[in-house]
Structure formats: structure tokens, C-alpha cells
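Predicted, not measured: the structure shown is a model, and the values here were computed from it. For ligands, and for the atoms within them, numbers begin at 1 and follow the listed sequence. Quick note: numbers below take in every heavy atom, side chains included, and nothing from hydrogens, waters or symmetry partners.
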Amino acid sequence: MSFAELGLIPELQKAVADAGYTEPTPIQRQAIPIVIAGHDVMGGAQTGTGKTAGFTLPVLHLLAAEHVHPRAAGRPRCLILTPTRELAAQVEESVQTYGKHLPLTSMVMFGGVGINPQIAALKKRVDILVATPGRLLDHVGQKTLDLSGVEILVLDEADRMLDMGFIRDIRKIIALLPKQRQNLLFSATFSPEIRELAAGLLNQPVSVDVAPRNTAAETVTQKVIETDRERKKELLCHLFQTHGWHQVLVFARTKHGADALARTLDKAGIKAAAIHGDKSQGARTRVLSEFKEGKLVALVATDIAARGIDIDALPYVINYELPNVPEDYVHRIGRTGRAGMVGEAISLVCHDERAQLKDIEKLIKRNLERVVIEGFEQSAHAAPRPPQAPRGPRKPQPGRAPAAKTAQKPGGPQKHRSGSRHR
Ligand code: AMP
């Protein structure tokens with residue numbers, strides 16, 4: 001099936017061809033005709049499935065097809081809400097990419113940056129506004145934004161927005177919109193809260209659901225390397241050095257841990273930086289673009305900071321530590337193997353993380369392959385430690401240096417060695 005067969009106008013077909021897309025992804029095949037037909041949509045799709053184009057293309061199609069009288073300044077026709085600044089910026093970038101042959105205008109709006117340039121931009125025509133909820137409400141409060149002309153509302157990553165406590169802001173925003181409008185809601189997971197939000201928001205929605213929820217993309221190879229907590233840093237450096245990796249997204253559980261790990265990698269000659277909530281917006285944007293340009297080999301992120309990071313063809317995701325919430329594992333590895341590209345997700349797992357690993361395997365309904373790296377095997381009697389315990393620097397242990405030649409052996413079925421489980 002081609003984009004032309006989906007009924008998209010030639011300007012959009014040209015833009016997707018320029019982007020190098022030859023055929024629509026499953027979510028695009030399902031969602032585009034439904035949105036064009038004017039229906040509300042409840043979309044189950046993770047990042048990486050092509051969902052952004054799945055809603056952006058038909059929105060552009062609808063806005064371009066309907067010639068309305070020139071809009072007043074600062075009065076958008078489509079509002080796209082996202083949970084994070086990064087995602088907002090990336091979605092607006094997609095709007096520009098796909099809308100480049102159309103005379104439509106777009107704007108991105110998020111907090112953490114000066115409000116005045118945004119106020120200035122709102123003095124001009126804005127057809128499509130991509131925003132995070134907090135800053136949007138600031139503008140409403142200052143009367144610099146008029147939401148009375150919104151014809152289409154998109155909630156992207158609605159589950160994340162609820163996780164991040166935006167429900168009240170979302171409800172306030174919805175109350176400011178015209179009653180007559182089209183609504184599209186996308187979410188990777190469907191909790192009772194999301195269903196409740198959807199029930200109040202969507203009008204006879206058509207459901208589109210591409211990936212079975214809470215399962216990882218099939219194009220991602222997932223492996224577990226069992227080792228000891230104390231050896232993880234050394235092992236990670238070793239993996240970088242022996243594999244010649246590039247563009248690796250590494251997940252750490254805490255901001256402090258992310259900073260420390262980035263420093264360790266950097267000292268070992270692996271250019272790395274950390275991205276987390278304590279970094280300023282400027283620093284986050286800079287680090288992200290350095291990573292995209294290949295100036296940084298590794299980006300160490302916390303779960304919150306990584307939400308919405310969209311990098312084409314990210315080949316590797318490393319879980320330096322497993323997340324406490326198993327769903328976060330699925331979100332993490334969703335950063336690789338996008339739109340059919342192959343990706344590899346490797347988790348370094350120590351004794352005290354076995355329970356988390358078990359929960360993850362239960363959620364994704366499969367056992368992950370175990371790989372042993374010679375010289376870094378998990379010691380049978382390693383003392384388990386609660387995950388929250390402070391971690392002090394450890395001296396490398398003499399006699400445990402990795403073998404000059406490292407072999408990777410696929411592990412057999414999970415062996416339960418000694419060591420109790422800790423949550
Ligand atoms: P998303 O799920 O929207 O974050 O998209 C994931 C990635 O897939 C983005 O980098 C897009 O550029 C890419 N993409 C979207 N649609 C297609 C397509 N039809 N063919 C190839 N790549 C695509």
C-alpha cells in the first residue's frame with residue numbers, strides 16, 4: 001500500500017517521499033483514513049511505530065483541504081499536547097517536515113525557556129500548535145493564546161501525561177476548546193485512568209491498535225548480561241571498547257547515577273553526557289543534538305528525561321540498571337528498533353535486580369536471552385544489596401580482569417543461583 005492509496009493530497013505524498021518513506025507503517029495505514037474521514041481516534045501505539053506521521057499527515061491533509069477564512073493571530077486550528085518539551089519539539093519538527101509543501105504554519109511551545117519569543121510568535125498566524133500543558137495554560141492566563149478556533153485536538157503519549165500529573169491541566173485545556181471538534185488520543189498503555197479520560201473526551205472513537213500492548217518491538221534483540229553490581233561500570237566500558245559502539249542510549253535509575261556513569265565513560269575515553277531533569281533546557285537540547293550528530297557516543301538518561309527522545313535508527317539501548325516499573329523497560333527499549341530498523345537492547349543485571357527482571361519477563365511474556373561475558377560472570381555468592389543503598393566507588397579487583405579475548409556465550413535457560421531476591 002502506498003501513501004497515495006491512503007488518499008493523502010499530493011503535497012503530503014511528496015513530503016513523505018522526500019523523507020525517504022516508501023510505504024506507510026501499520027499505524028499509518030490504519031489511522032490516516034480514519035482521521036481523514038473525520039472520526040475521533042483512540043490509538044494504541046508506542047513511540048517508534050510511526051504514530052507521529054500517523055496523526056500529523058491526516059491533520060495536515062484536513063487543514064489544507066478546508067480553506068477557511070484567514071485565522072486571527074495566535075488562534076490555532078489544531079492543538080497537539082505532549083508530555084515533554086523534547087517530544088513537543090520533535091512533533092513540531094515532524095509537522096514542518098511533512099507540511100513543507102503546504103502553506104500552513106506551526107509553532108512549538110514549552111516551559112523552561114523565555115515566554116517573550118513565544119508571545120511574539122503568537123502575534124502571527126499559527127495553524128498547528130504543539131505544546132506542553134503547563135506553558136500553554138500560562139499563555140491562556142496571559143491572554144496571548146486563543147483556543148476558540150481549535151478544530152482538532154491531539155493528545156500524544158496520553159499515558160505519560162497522566163503519569164506526570166497533567167490530568168488537571170488537560171481537563172482545564174479541554175474546557176477551553178470549542179465543543180465541536182475532532183479528538184485523537186494516543187497512548188502506549190490503557191490504564192483505567194486513560195479509559196476514563198478517553199470516555200469523557202472522545203466521541204464515538206474508532207480504535208486503532210498496532211502493537212500488542214506491553215510487548216516490545218519484534219525488531220529489537222533483547223539480551224541480559226548477568227554480572228555483579230560492582231563490575232557494571234567496568235563491564236560497560238569493556239563493551240563499548242570491544243564493540244566499537246556508537247549512538248548508545250544508556251539508562252540509569254537516578255540523576256546522580258546518570259551523572260556519575262557519564263563521567264566514568266568519559267574518563268575511559270568514551271564520549272558521554274547525561275540527560276536528566278536537573279539539567280537546564282538549554283543543556284538538554286545541546287546534549288541531545290550532540291548525540292544526534294554523533295559527537296557523543298553515549299547518552300546516559302533517566303526514564304523521565306528519555307521520554308520522547310526521538311532519534312532515527314538508534315541502534316543500541318543499554319539498561320545499566322533495570323527500572324523498578326516494568327512498563328518503563330518497554331518504553332526504554334522502544335527507543336531502538338524503530339519503524340522496522342533492527343536494534344539491540346542489553347540489560348546489565350546483578351543479583352539484586354532479579355525480581356525486577358522477573359517482573360519484566362512476566363510483562364513482556366517471554367524469557368530474555370542470557371549472555372555471559374568472560375571475566376565478568378556473576379559471582380555465585382555475591383552479597384545482594386537493596387537497590388536504594390548508596391553505592392560507593394570500588395577499586396577494580398585484581399585477578400578479576402577481563403580476559404584479553406572476550407567470548408560471548410549465549411546463556412541457557414535461567415539458572416537460579418544462590419542469592420536471595422530483593423525488591
Ligand atoms: P514515531 O513512532 O512517530 O516516533 O516514528 C518513529 C520513526 O519512524 C521516526 O523517526 C520517523 O521518521 C520514522 N517513520 C515514520 N513513518 C515512516 C515510514 N512510513 N517509513 C519509514 N520510516 C518512518
Side-chain angles (χ1 to χ4, degrees), residues 1-8 12-33 35-36 41 43-61 80-100 106 108 128 130 154-161 184-189 208-213 215-220 247 249 288-289 291-294 299 301 306-317 330-343 345:
M1 171 171 285
S2 67
F3 283 98
E5 285 169 82
L6 291 175
L8 290 171
L12 294 170
Q13 291 177 36
K14 188 163 184 313
V16 291
D18 293 348
Y21 306 167
T22 48
E23 57 174 43
T25 65
I27 185 86
Q28 292 161 5
R29 279 201 289 278
Q30 289 186 42
I32 292 173
V35 178
I36 289 179
V41 166
Q46 292 167 8
T47 312
T49 52
K51 77 173 154 65
T52 315
F55 63 76
T56 308
L57 289 169
V59 161
L60 288 164
H61 175 101
I80 303 174
L81 289 178
T82 74
T84 64
R85 305 152 180 186
E86 285 82 5
L87 186 60
Q90 283 155 10
V91 169
E92 203 251 349
E93 217 175 277
S94 297
V95 171
Q96 289 196 16
T97 303
Y98 306 134
K100 68 181 189 182
S106 62
V108 63
I128 299 168
V130 187
V154 183
L155 294 187
D156 192 15
E157 301 205 358
D159 48 350
R160 290 287 177 199
M161 285 202 261
L184 317 176
L185 180 149
F186 289 88
S187 189
T189 53
V208 297
D209 202 342
V210 284
R213 283 189 291 280
T215 61
E218 279 173 12
T219 49
V220 182
Q247 269 211 328
L249 183 59
L288 200 55
S289 66
F291 185 58
K292 281 187 181 181
E293 288 162 18
L299 185 63
R307 280 168 197 173
I309 292 181
D310 175 20
I311 298 155
D312 284 345
L314 190 59
Y316 304 101
V317 166
V330 179
H331 284 290
R332 286 179 177 191
I333 73 161
R335 308 287 154 199
T336 181
R338 293 188 164 191
M341 313 257 331
V342 287

With nothing but distance in play, are any N or O atoms of Tyr98 less than 3.5 Å from an N or O of ligand 1? no
Heteroatom distance test (Ala53, ligand 1): nitrogen or oxygen, under 3.5 angstrom: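 No.
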Numbered atoms of ligand 1 (with element) below 4.0 Å of [X], judged on heavy atoms:
{"X": "Thr49", "value": "2 (O)"}
{"X": "Phe3", "value": "19 (N)"}
{"X": "Lys51", "value": "1 (P), 2 (O), 3 (O)"}
{"X": "Thr25", "value": "17 (C), 18 (C), 19 (N)"}
{"X": "Thr52", "value": "1 (P), 3 (O), 4 (O)"}

Nearest heavy atom to atom 16 (N) of ligand 1, choosing from Arg29, Glu23, Gln28, belongs to Gln28
| message | Looking at every heavy atom in both Leu8 and His61, which two are closest together, and how far apart are they? | response |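 Heavy-atom minimum between the residues: CA-ND1, 3.6 Å.
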Could you tell me which non-hydrogen atom of Leu6 sits nearest to which non-hydrogen atom of Pro33, and how far apart they are?
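Leu6 and Pro33 have their closest heavy atoms at CD2-CG, 3.9 Å.
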The answer for which part of Phe186 has a heavy atom under 4.0 Å from ligand 1 is neither
Q. Would a distance-only check, ignoring hydrogens and angles, find a side-chain to backbone donor-acceptor pair under 3.5 Å from Gln247 to Phe291?
A. yes
| message | Looking at Glu93, is its backbone amide N or carbonyl O close enough to the side chain of Gln96 to form a donor-acceptor pair, meaning the two atoms are under 3.5 Å apart? | response |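 Checking the backbone N and O of Glu93 against the side chain of Gln96, no donor-acceptor pair under 3.5 Å is found.
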Which of these, Ile32, Val95, Ile36, sits in a side chain to side chain contact (heavy atoms under 4.5 Å, CB included) with Leu57?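 So, applying the side chain to side chain contact (heavy atoms under 4.5 Å, CB included) to Leu57 and each of Ile32, Val95, Ile36, only Ile32 qualifies.
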Which of Leu155, Ile80, Asp156, Val35 passes side chain to side chain contact (heavy atoms under 4.5 Å, CB included) with Leu184? It is Val35
Output for pair (Leu60 CG, Tyr98 OH), nearest 0.5 Å, gives 10.0 Å
